[in-house]
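Residue numbers count from 1 along this sequence. As the structure lists them, so they are numbered: ligands from 1, and atoms in each ligand from 1.
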Amino acid sequence: MEVRKNFGSKLGVVLAAAGSAVGLGNVWRFPTEVGNNGGAAFILIYLLCVILIGAPVMLSEFVVGRHTHTNTITAYRRLAPGSWWRFEGVAGVFVAFLILSYYVVISGWTLYYLIESARGSLSTDQDFTADFTSFVSHPWIPIVYAVLFMGMTHLVVARGVQSGIERCSKLMMPLLLLIIVVLVGCSFQMPGAHDGLSFLLKPDFSKVTTRVILSAMGQAFFSLSIAMGCLCTYASYFSSDTRLVRTALNVSIIDTAVAVLSGFIIFPAVFSVAGVEVNAGPGLVFITLPHVFQMAFSSYPLVGYLFSVLFYLLLLLAALTSAISLHESVTAYVLESTGMSRQKATLVVSLSCLVLSVACSLSFGPWSELKVFGMTIFELFDFAASKVIMLLSGIVICLFVGWRLDKKMVEAEVTNGGTVPFRLFRFYLFLIRFVVPIVISAIFVNELLR
Ligand code: PFF
């Protein structure tokens, strides 16, 4: 069995965890949710969810992971032997597997769009909707791209924590942040920048319902990668001097900044082209944006070309670092529970996950009529993982750390044995003991009773 390694540097810790958090959820899902749920009002609720709910849950996961230095399933088993709490670990790893299966499908689309835009085949006189529909519903082409993307993820995870995950995060995250800055700069020059920004910055509270709050919370969980075993697994590679509170704050700030900046890239562009709908739904980045890029820069085709290549590269990098964390969450368990080599464990996870990915991909084409509870396979996986299990899991994590674990042990973990002061410890305990479980449950019940 391989010797367990920790991340080698503080920067590596933050970039790997931020890499997990920053993903398609920031660049694709967040702007779509903002567009559908009333712009700035949604953003404000989202920020509250990150501060009061997301960051405390993240910190709790860090406590469990770093304290046990093992994969998520074994971590809960060790901390609560023989009790029901141990199923929290199982739920985390199971959801990571489920999310990875459909995440690679969408990431595969991203890879396809990157290649197409680099080849210069996205042109103004094209029917982007028809192209997108015929691509995603094709029986095997999207599967090939999903396999390619899984191959990239596989290669990184197979190389291990330091030479794979950490090294790759240190390379890709700075590049990703640089691309964002360049694209925001470009977007601000566009004619629709003013309208796009006021859509993002002027709140309209008439749109706020419990459904919007539930969406914001689900989005915050998904975007921060919490309640899925990923951050717990990464925290198991933190060393004893990693500052948990600071890391949770840094990751939450980077993740939220990237989400909002993605809005700053997308909305000025969308508002620059007459007749394009803001709430264009999930097709936003694959139908609306390619069209917008070409139209907005029709007099400067080279700028349009570079803009779209950079944009899809950004999406791909973001997707890759997140997929790596999902993969690692499952691989760490397989590796440590079976004693397999890392190479073998990674292969088992990649191949078995691809079976589900094929089903997800087909649900956009030949299997689109196959419905379970009125949802396609893809919709079902996304709904189960990111709307239900994830939020319930969030409640369980908080109750576990807040009530079941010894308070002294939690405090020692959060303060590195008393060496790093954390003045808000009591407030944090109050949040995870009462606020987070009550708020999430209340919103759930409200939705169920509708
Ligand atoms: N946070 C990632 C995103 O925003 O796309 C997705 C994700 C990664 C979700 C890892 C869950 C996870 F455990």
Side-chain angles (χ1 to χ4, degrees), residues 15-34 46 49-50 54-55 57-58 61-62 64-65 71-73 88-89 91-110 149 153 156-157 165 169 172-173 176 180 215-236 248 251-263 282 285 314-333 349 353 381-391 393-394 397:
L15 292 182
S20 169
V22 172
L24 295 174
N26 303 62
V27 190
W28 173 37
R29 225 165 117 145
F30 180 80
T32 308
E33 294 272 329
V34 172
Y46 178 82
C49 289
V50 169
V57 182
M58 186 185 293
E61 278 201 72
F62 283 173
V64 173
N71 67 82
T72 309
I73 293 188
E88 171 52 34
V93 173
F94 172 71
V95 178
F97 188 73
L98 209 60
I99 295 186
L100 182 62
S101 73
Y102 70 81
Y103 207 79
V104 294
V105 174
I106 312 287
S107 306
W109 299 355
T110 306
F149 181 83
T153 311
V156 177
V157 176
I165 301 174
S169 309
M172 295 202 288
M173 289 305 288
L176 179 146
I180 291 188
S215 291
M217 216 156 54
Q219 171 62 22
F221 269 56
F222 186 85
S223 183
L224 294 171
S225 299
I226 46 188
M228 276 160 285
C230 290
L231 294 180
C232 184
T233 307
Y234 273 11
S236 74
V251 173
S252 305
I253 290 170
I254 296 176
D255 187 67
T256 308
V258 171
V260 175
L261 289 176
S262 299
V285 297
L314 164 70
L315 263 183
L316 186 74
L317 292 175
L320 193 54
T321 47
S322 297
I324 289 167
S325 72
L326 288 161
H327 201 305
E328 176 62 21
S329 173
V330 190
T331 301
Y333 170 65
V349 176
C353 193
F381 283 11
D382 186 35
F383 177 79
S386 66
K387 295 258 156 58
V388 183
I389 310 180
M390 209 168 76
L391 290 177
S393 217
I397 292 171

Here the gap from Met217 atom CE to Met390 atom CE, rounded to the nearest 0.5 Å, amounts to 9.5 Å
Does Tyr103 have a non-hydrogen atom less than 4.0 Å from ligand 1?
yes
Any Ser20 heavy atom less than 4.0 Å to ligand 1
yes
Polar contact flag for [X] and ligand 1 (N/O pairs, less than 3.5 Å):
X      : result
Ile99  : no
Met228 : no
Asn26  : yes
Ser322 : no
Leu24  : yes
Val22  : no

Report the nearest protein non-hydrogen atom to [atom]: residue, atom name, distance rounded to 0.1 Å.
atom                    : answer
atom 8 (C) of ligand 1  : Ser225 OG, 3.3 Å
atom 4 (O) of ligand 1  : Ala21 O, 3.1 Å
atom 1 (N) of ligand 1  : Phe222 O, 2.8 Å
atom 12 (C) of ligand 1 : Leu326 CD2, 3.3 Å
atom 13 (F) of ligand 1 : Cys230 SG, 2.8 Å

Is a donor from one side chain sitting under 3.5 angstrom from an acceptor on the other, for Asp255 and Ser223?
yes
So, do [X] and [Y] sit near enough that their side-chain heavy atoms are less than 4.5 Å apart?
X      : Y      : result
Val330 : Leu100 : no
Thr153 : Leu320 : yes
Phe97  : Cys353 : yes

What pairs with Phe381 under ring-ring contact (aromatic ring centres under 6.0 Å, His included), at least two apart in sequence or on another chain?
none
Using modelled atom types and a 3.5 Å cut-off, is there a donor and acceptor pairing between side-chain atoms of [X] and backbone atoms of [Y]?
X      : Y      : value
Thr256 : Ile253 : no
Ser322 : Val22  : yes
Gln219 : Gly25  : yes
Ser225 : Ser20  : yes

Here the atoms of ligand 1 under 4.0 Å from any heavy atom belonging to Gly25 are 3 (C), 4 (O), 5 (O)
Using a strict 4.0 Å cut-off to heavy atoms of Ser325, name the atoms of ligand 1 that fall inside it.
10 (C)
